[in-house]
Amino acid sequence: MVCGGFTCSKNALCSLNVVYMLVGLLLIGVAAWGKGFGIVSSIHIIGGVIAVGVFLLLISIVGLIGALNHHQVMLFFYMVILFLVFLFQFGVSCSCLAINNGQQVKLLSATWALMSNDTRLGVENKLNCCGLLNNNQSKEQFSEDVKLCNAPCQHNRLCFTCGDLMLQHAAEALKILGAVGLFFSFTEILGVWLAARYRNQKDPRANPSAFL
């Protein structure tokens, strides 16, 4: 049987959905890892990435079941939802790659200013750092935070600023999420086309007369 046949289309669509499941888990995992480092918990982009990962995971399960059973209705909804996921994922991935260091600093500073002292102390203890950023814009706030800081690094007086640590991990998380999301968003167009083609093919087991 040629590669464009029913069985080949079915196997290709099943394989593609298994890949989508892995990508969805990867996006959720990296976003959750990045969310643990202060700054990314304040960026709505990360929430969007997690949402894309969850939707991609769910729709891949629907597509896998639809492909195995050649279910017309499930394949139709699979195509529609997968195309919407592509649009959303493409936009979120571009946002992840487009956000620069200056924008991250502004978001981080705004979030830090809204935190209570207890929350700041919790972040400092978790990351073993003191204060946010030692710059001209936040010098007074930084001095106050250092006085209140009780992180373990205070014992040897060798503390990094929390802002530098957060920005480093946030940049890594955003680059990974943006690159992975952007690359696999284009494969979703392939998934839509493959599902449409497979949906219109006849199942030889259900219609033996097609071979006569």
Side-chain angles (χ1 to χ4, degrees), residues 20-60 85 88-185:
Y20 288 158
M21 291 175 68
L22 297 176
V23 173
L25 291 173
L26 178 63
L27 291 175
I28 295 171
V30 175
W33 168 74
K35 198 174 176 66
F37 292 96
I39 178 174
V40 289
S41 64
S42 66
I43 301 178
H44 297 302
I45 291 174
I46 300 298
V49 171
I50 294 176
V52 167
V54 172
F55 271 99
L56 193 57
L57 184 61
L58 294 176
I59 194 59
S60 63
V85 170
F88 188 58
Q89 183 174 334
F90 182 79
V92 170
S93 299
C94 290
S95 299
C96 286
L97 294 173
I99 187 170
N100 56 39
N101 186 264
Q103 293 171 322
Q104 292 179 36
V105 169
K106 289 181 181 179
L107 287 169
L108 180 57
S109 300
T111 303
W112 190 266
L114 296 175
M115 290 181 180
S116 64
N117 287 333
D118 290 338
T119 304
R120 290 174 187 167
L121 291 174
V123 172
E124 289 171 341
N125 281 305
K126 180 180 179 181
L127 299 180
N128 194 24
C129 57
C130 285
L132 181 62
L133 293 168
N134 189 13
N135 53 31
N136 294 330
Q137 288 78 16
S138 58
K139 211 171 196 63
E140 294 182 4
Q141 181 66 60
F142 179 79
S143 300
E144 182 181 343
D145 290 335
V146 171
K147 291 178 182 178
L148 297 174
C149 181
N150 58 5
C153 63
Q154 279 286 67
H155 299 300
N156 51 23
R157 300 291 179 181
L158 292 173
C159 290
F160 292 99
T161 61
C162 296
D164 290 335
L165 295 177
M166 292 178 188
L167 289 171
Q168 178 185 351
H169 291 291
E172 293 174 0
L174 290 172
K175 285 180 181 178
I176 294 172
L177 291 171
V180 172
L182 189 62
F183 175 78
F184 283 100
S185 66

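Quick caveat: nothing in here was measured; it's all calculated off a predicted structure.
- Taking the side chain to side chain donor-acceptor pair (under 3.5 Å) definition, one finds that Asn128 meets it with nothing, sequence neighbours left out.
- By the side chain to side chain donor-acceptor pair (under 3.5 Å) test, Ser185 pairs with no residue at all, sequence neighbours left out.
- Applying the side-chain contact (heavy atoms from CB on, under 4.5 Å) test to Cys159 and every residue at least two apart in sequence or in another chain returns Cys130, Cys153, Gln154.
- With sequence neighbours excluded, no residue forms a disulfide (SG to SG under 2.5 Å) with Cys94.
- With hydrogens and angles disregarded, a donor-acceptor distance shorter than 3.5 Å links the side chain of Ser60 to the backbone of Leu57.
- Under the side chain to side chain donor-acceptor pair (under 3.5 Å) criterion, Asp118 pairs with no residue, sequence neighbours left out.
- Leu26 contributes atom CG, which lies 14.0 Å from atom CE of Met21 (distance to the nearest 0.5 angstrom).
- Judged as a ring-ring contact (aromatic ring centres under 6.0 Å, His included), and not counting sequence neighbours, Phe55 has no contacts.
- Closest approach of Thr161 to Phe142, counting heavy atoms only: CG2-CE1, 3.6 Å.
- The two residues Gly131 and Glu124 make their nearest non-hydrogen contact at N-OE2, 3.0 Å.
- Nearest heavy-atom pair across Asn125 and Asn150 is ND2-OD1, 3.1 Å.
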